[in-house]
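Working notes, structure below.
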Amino acid sequence: MPPSPPSSAPQPPPRRRRRALLLGAGLLALAALLIGAAGQWAAAREASFQADSIRRAMEVHVLGLRDSAGKYSYLPFTAALHPEVLAALAHPGDAAVKQRANLYIEEVNRQAGSDALYLIDPQGLTLAASNWATPQSFVGESYANRPYFIDARAGRSGLFYGVGQTTGEPGLFISAPVRSDAGAVIGVVTVKVSLRALQEAWTFVRDPILLTDARGIVFLSSVPAWMYQATRPLDAVQLERLRRDQQYGARASFPALPWKTQRGDGEPGYLVRTALGGKPRSFLAIDEPLPDLGWTLTVMVDHAEVTRARERTWMLGLLGAGVLLLGGLYWRLRERRFAEQRDARRELELRVRERTHELDEAHAFRKAMEDSLLVGMRARDLEGRITYVNPAFCEMTGYGADELLGKLPPYPYWHPDDVPRHWHHYDAMMSGQPALSGFESRLRHRDGREVITMVYTAPLIDADGGHAGWMSSVVDITEQKRAELRQRQNDEQLQHAQRLASLGEMASTLAHELNQPLMALSSFAGAAKAFAEQGNQALLASSLDETMAQARRSAEIVRRIRGFVRQRTAGTEDCAVAALAANALALLQGEMRQRQSRAEVRIPATLPPVRGDRVLLEQVLLNLLSNSLQAMQATPVERRVVELEAEVVEGRMEIRVLDRGTGIDDALAEQVFAPFFTTKPGGLGLGLNICRTIVEAHRGRLVFDHRPGGGTVFTLVLEIPSP
């Protein structure tokens, strides 16, 4: 009986074929949509990271700006109270009086480290200046047109940045009114502070930083070409005001910045397109208004990273889609092969040649798929002889398949420096104990370069279920290792930046702690000089004693702070609570008179002493009392009373400082003791943080609560030494 002709493979009906095509097209469109959305998400995520980086950098720059503007704000107010300054305003025609004022102002300016300090009469004419003996002396110059003089003459504090009329050098001018005993404004004291150090520091940053005034004019920038250009057009009134104030010298025009900006809803900051060094650049920029200074700080970061993040995500998405597509094809092939095998078993005699042909096609497809893998594949028999390598493994080692097949160890791609390690892993495999979790192996490419790989080995089982050898998957992780090295280097740089930040915090702590003793030193020294000229020996001796005490106090604070830095326990002694309170209040007498406040002390003389560092505990009380005085600035004069009381509660000493100030908002309660948090203009935000650190070092607690009727109560809890 002649054999029947081989039947062809069943074909799916046209409707099912169309449905499959439509499903495939839909899946491809969905994959493209997801890849595109993932790219946009990666770009938005990178932009968010850049915005966070800008905000962290902006916090540092804002702190530096406020520190530069705030650390000299006290100087005009302090100098305005000195007798020599008042005498010069009272006797403007007396040359000897003005010379003494010149010498005093020169010495104060030298000790403070500011650029210039000078005294102006009510008509705007300079009577005395720290640079009286220089060719560019301010003495005799009129600054009646300058806004800082106009503000101080009206009884307000003045803050103005501009180019000096006499020197032509830009700087920050801070002014304060000089008042007579009756409260009338009789003159103005102004300090000029240079921001050159800040400008020079900005020249080393990688991305642009700039500072604009209220009119949008750039007056500080890390890009010199942007100086004195404007972010928006200026009208005739503004130009006339600039000309009259001579804020930027004789400059009459302020061209627009060479920017093209793009703002998007919901995006952090805005996009700036410009040219730097003749090359087009794009930056993500964020503005930070500084309302207390009238400025706006703008920090930028390179926007190219956002584009690269989007492109990397697209590439990874396409790669993943390709892998899924290959997996789908493989699964489809597998299902088809199973169906064909079932059909072949039913019609084995009739379809031998057809089955053989289909198996050949399947083998060719599988071979092509294996050859397209990025992972290297290597098979070895039970003797360690290489029986199979795929193109990815050949490319990884630089040797062709004909050069590797049949080779026994040592293999030509073994790294000569790691031969003992290669033999160790080979012996473990041959003994039937390969590293199932994989191991790292260093190979030597044929051209001499190193290739770092991860090797995963599993037994190779033949068709009869017998152990025929070993199959290894080899993954090239060279780039991953390089990325890990770059990450370690970045971590080291981050640690270095953190150490620099700690150093900056330590410098701010010293400045905050030493500010009050140094101001007291200046006041007592000025008073001593005045008493010496008056011949009052008793008050002179008293002022000099106070000066020496404050100098010792400053040295003691430095020593204590160094002790905290070295993590050593501070020296302790028995301290009477009444003495601690008396010493702290003695240092605040001048401030209480200035703020028209008084203190009530309710500390029984029979209280036991507390154990601790006297200087640091006095500093805690001094900071708490000073904060209470400042909090009652808006309180009626008759209620400006800071109360200090102490008692023993449950075996521990409780010292309470009570005021009738504005209190602390519940929304800010969690941040009161946080470092660098402050609600005071120009404050560093370190006082309460330092106080809590000192108290905790004494194994105590510092807490606060709202006072009934308005105000705040700070409670200091300390241990009492055992009898």
Side-chain angles (χ1 to χ4, degrees), residues 66 70-71 73-74 77 292 508-520 553 557 577 580-603 615-637 639-646 654-696 698 700-707 709-718:
R66 289 207 166 99
K71 67 181 179 180
S73 59
Y74 74 94
F77 294 94
D292 52 334
S508 297
T509 302
L510 282 173
H512 187 276
E513 289 297 312
L514 291 175
N515 185 48
Q516 290 174 333
L518 290 177
M519 287 182 64
R553 182 181 184 83
I557 287 174
V577 178
L580 294 176
N583 291 339
L585 287 171
L587 293 174
L588 290 172
Q589 290 302 314
E591 185 173 353
M592 285 193 291
R593 284 194 298 271
Q594 180 184 356
R595 298 183 182 277
Q596 299 179 319
S597 304
R598 57 189 178 89
E600 290 185 1
V601 181
R602 295 187 292 275
I603 300 178
V615 173
L616 294 180
L617 291 178
E618 288 179 5
Q619 191 67 32
V620 171
L621 287 177
L622 186 65
N623 282 336
L624 294 178
L625 289 167
S626 178
N627 286 346
S628 294
L629 291 174
Q630 295 172 11
M632 294 190 295
Q633 187 67 33
T635 304
V637 174
R639 288 169 53 84
R640 293 183 189 173
V641 180
V642 60
E643 302 173 41
L644 187 59
E645 58 185 31
E654 288 192 3
I655 306 172
R656 289 182 286 275
V657 179
L658 306 91
D659 63 57
R660 289 294 184 185
T662 56
I664 298 175
D665 194 335
D666 292 336
L668 305 177
E670 296 295 330
Q671 308 177 56
V672 166
F673 295 104
F676 302 109
F677 173 79
T678 180
T679 59
K680 295 183 290 187
L684 292 178
L686 291 172
L688 289 177
N689 179 260
I690 295 170
C691 290
R692 187 175 66 175
T693 302
I694 292 173
V695 172
E696 290 176 351
H698 286 75
R701 293 184 296 112
L702 178 61
V703 297
F704 76 93
D705 198 359
H706 300 294
R707 186 178 185 184
T712 307
V713 180
F714 276 88
T715 303
L716 172 61
V717 182
L718 295 173

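When a residue number appears, it is its place in the shown sequence, counting from 1.
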Give me the atom names and distance for the closest heavy-atom approach of [X] to [Y].
| X | Y | answer |
| --- | --- | --- |
| T635 | G661 | OG1-CA, 3.9 Å |
| V577 | A646 | CG1-CB, 3.9 Å |
| T715 | E654 | CG2-OE1, 4.2 Å |

With E643, which of D659, V713, L658 fulfils side-chain contact (heavy atoms from CB on, under 4.5 Å)?
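Exactly one candidate clears the test, L658.
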* Asked: Taking atom CZ of R701 as the centre, does the number of heavy atoms from other residues, nucleotides or ligands within less than 6.0 Å exceed 12?
  ->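 Atom CZ in R701 is not packed in, count stays at 12 or less.
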To the nearest 0.5 angstrom, please state how far the [atom1] atom of [X] sits from the [atom2] atom of [Y].
| X | Y | atom1 | atom2 | answer |
| --- | --- | --- | --- | --- |
| L644 | I603 | CG | CD1 | 4.5 Å |
| L702 | L624 | CG | CG | 6.0 Å |
| I694 | L616 | CD1 | CG | 4.5 Å |

Do the side chains of [Y] and [X] get nearer than 4.5 Å, heavy atoms only?
| X | Y | result |
| --- | --- | --- |
| Q630 | E591 | yes |
| L629 | M592 | yes |
| L716 | L718 | yes |
| M632 | R595 | no |

Go through the steps for L585 and L625 under the test side-chain contact (heavy atoms from CB on, under 4.5 Å), then give the verdict.
CA-CA 8 Å; L585 287 171; L625 289 167; 3.8 Å; yes
Has the side chain of [X] got a donor or acceptor atom that lies under 3.5 Å from a matching backbone atom of [Y]?
| X | Y | answer |
| --- | --- | --- |
| R660 | V641 | no |
| S628 | V642 | no |
| R598 | R640 | no |

